[in-house]
2 protein chains.
Amino acid sequence: MQTVLVIDDDESLRDTIGVLLEQEGFNAVLVEDGREGFEKALLLKPDLVLVDLRLPGMSGVEICKQLRAARILTPIIVLSAVGDEVDKVLLLEIGADDYVVKPFGTRELLARIRALLRRTAPDAHKVFHFSDAEIDLDRRMVSRHGEELKLTPSEYNLLTYFLHNPDRPLTRDMILNSVWGYQSFPNTRTVDAHVVKLRQKLEPDPNMPRHFLTVHGVGYRFVP
Amino acid sequence: MQTVLVIDDDESLRDTIGVLLEQEGFNAVLVEDGREGFEKALLLKPDLVLVDLRLPGMSGVEICKQLRAARILTPIIVLSAVGDEVDKVLLLEIGADDYVVKPFGTRELLARIRALLRRTAPDAHKVFHFSDAEIDLDRRMVSRHGEELKLTPSEYNLLTYFLHNPDRPLTRDMILNSVWGYQSFPNTRTVDAHVVKLRQKLEPDPNMPRHFLTVHGVGYRFVP
DNA sequence: GAGGTATGTTAACAAATTGTTAAAGGATGC
DNA sequence: GCATCCTTTAACAATTTGTTAACATACCTC
């Protein structure tokens, strides 16, 4: 299991990211203070560091610099607020590998984390299967009977969320928070509409769902 | 067996790297003097050049420049001491492919050599084909139905990036970073404009792209 | 089974993304 | 300098996607 170190002083964001990462199968270590984060990065040897630009104790920039100076090559993603005057070049030069501007969609963040991990530690790319469907996350390709089928971005995001959280009932709120992100607030019915579409595209018989099950009064559950 | 040319005036380091390379199955050619190294790079056509920044005879920077000026595309890794004021961007601009700061771990050096060879070696004498198009990377020639067609530098760069990253969705940011480099900041729409041009020049039917596909909400994907 | 609530489904509109063109500015070569 | 080509971006068109309302159907409680 891969460990992600999250250094951010915004508690709610930190928790959001923490929950997200755990859901997606990562081991998340959450730290508030910059200096403490730096030390954890050294000791813990996480697989990836997610660090806010503005931090108490030690800035994100400083953390990057110090880690690289210590020849720690752990991939780093910098989080920055819209207001911050982010110098993209500077960030990359001091050793950051990528940066994300808040507010960001959680799916986007995840995609970047995955992309970065893949870039730095290429592993066997994972392909999910259920019934006659096949989902290749690296290629972002979904197919049935070997034929590719098109999913819209939100359909795809919803699908990956289900794939990473099988067998567990997921409330619409959980789904909205994870798939749509913390900055948008669509109606919970939007989830239903998208589940319908996933069923139509991926269920052998959309009228008798075998994989995208509804849990009455709760939400939905995906079983592979 | 792949040959690596090592140009460094530090004898002990040169030997260390030489032994390391031999152990790992490379053919290592060790040179002390800059000018001699440059000549060997021309004559020997090694698969990769490892060159120190400070050298007697001819500096590493000069070697890079001259090789590129002579249209020698051999991948180059520059070694630099901590003290050197290394301008990463400058190094990459003059044609170096990667750089490593001394002192470095041998494993890291090896990893970078392998990564670079993997990135560049498949190009050797390789000709790509799709539909009625043919791309010869060595000759930098693109043709359809045997007739040469002209691509602008950025069109060509974008094309080679697609060729090297087939099947996988590539975001506009990834494309910008890889093709334009992170020292320039064009609008992401610039990518779109160039994709349009590639389609016009290379797609059998530009209105129904079969190779340069858009992945809505994400970016583009090239399928050969 | 009745009533109330939850979910399925569809279509229409709004919003976002992408395609395309043209033109301004830059670079390059003569 | 001039002409030419290239890059970039603005602007608008075309397309795709997201969201929600509305109604239909299913489920649960009593």
Side-chain angles (χ1 to χ4, degrees), chain A residues 103-108 111 140 142 149-159 161 169-181 183-203 205-222, chain B residues 69 93 140 142 149-159 161 169-177 179-181 183-203 205-222:
Chain A
F104 45 79
T106 50
R107 285 286 120 180
E108 183 198 346
R140 203 189 166 93
V142 183
L149 52 87
K150 285 183 68 174
L151 295 194
T152 69
S154 43
E155 283 163 15
Y156 182 83
N157 290 339
L158 177 58
L159 175 59
Y161 181 60
L170 305 165
T171 69
R172 291 178 178 72
D173 278 333
M174 286 166 66
I175 295 171
L176 276 181
N177 279 327
S178 297
V179 177
W180 272 258
Q183 75 274 35
S184 68
F185 313 95
N187 197 306
T188 53
R189 297 306 311 278
T190 301
V191 175
D192 302 50
H194 279 84
V195 169
V196 168
K197 288 182 182 170
L198 278 188
R199 283 174 178 161
Q200 288 170 348
K201 295 189 178 181
L202 290 167
E203 286 282 0
D205 179 2
N207 294 327
M208 283 281 293
R210 299 179 55 78
H211 304 289
F212 303 95
L213 309 180
T214 111
V215 184
H216 205 93
V218 182
Y220 296 97
R221 185 164 60 111
F222 170 74
Chain B
E93 284 203 342
R140 205 186 168 90
V142 182
L149 54 85
K150 288 182 70 172
L151 294 194
T152 69
S154 46
E155 283 164 15
Y156 183 82
N157 290 339
L158 177 58
L159 174 60
Y161 181 59
L170 306 165
T171 68
R172 291 177 178 72
D173 276 334
M174 286 167 67
I175 295 171
L176 276 181
N177 279 328
V179 177
W180 274 259
Q183 67 271 33
S184 65
F185 313 93
N187 196 305
T188 53
R189 296 309 309 277
T190 300
V191 175
D192 302 48
H194 280 82
V195 168
V196 167
K197 288 182 182 169
L198 279 188
R199 282 175 177 161
Q200 288 170 351
K201 295 189 178 181
L202 290 167
E203 285 281 0
D205 179 2
N207 294 328
M208 283 280 294
R210 300 180 54 77
H211 304 289
F212 303 94
L213 308 180
T214 114
V215 183
H216 213 281
V218 181
Y220 295 97
R221 186 169 55 152
F222 171 74

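Numbered from 1 within each chain, the chains take letters A, B, ... in sequence-line order. Here the structure is a predicted model, which is why all the values come from computation and not from measurement.
To the nearest 0.5 Å, the span separating CZ on A:R199 from CG on A:D205 amounts to 11.0 Å.
Contact of the A:P209 side chain with the A:T214 side chain is not registered, since no non-hydrogen atoms from C-beta on lie closer than 4.5 Å. A:L159 has its side chain within reach of A:F212: a pair of non-hydrogen atoms, C-beta onward, lies under 4.5 Å apart. No side-chain heavy atom of B:T188 sits under 4.5 Å from any side-chain heavy atom of B:I175. Contact of the A:P153 side chain with the A:R140 side chain is registered, since non-hydrogen atoms from C-beta on lie closer than 4.5 Å. Counting only heavy atoms from C-beta outward, the side chains of B:V215 and B:L170 never approach each other to under 4.5 Å.
In this model, the phosphate group of D:dT16 is not approached by any side-chain N or O of A:T152 to a distance below 4.0 Å at OP1 or OP2. Taking side-chain N and O atoms only, B:W180 has a distance below 4.0 Å to OP1 or OP2 of D:dT8. In terms of phosphate contacts, A:S154 brings a side-chain nitrogen or oxygen within less than 4.0 Å of OP1 or OP2 of D:dG18.
To the nearest angstrom, C1' of D:dG18 lies 19 Å from OH of A:Y156. One can place CD of A:E155 at 11 Å from C1' of D:dT16, the figure rounded to the nearest angstrom. Between the NE2 atom of A:H194 and the P atom of D:dT20 there is a distance of 11 Å, given to the nearest Å. In this entry the distance linking NZ of B:K150 with P of D:dC5 reads 8 Å, nearest Å. Remark: P of D:dG18 and CG of A:L176 are 13 Å apart, rounded to the nearest angstrom. Nucleotide D:dT16 holds its C1' atom 11 Å from the NZ atom of A:K201, rounded to whole Å.
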Can you build the contact string for nucleotides 12-30 of chain C? Use B for base contact, S for sugar-phosphate-only contact, and - for no protein heavy atom under 4.0 Å. -----SBBBS---------
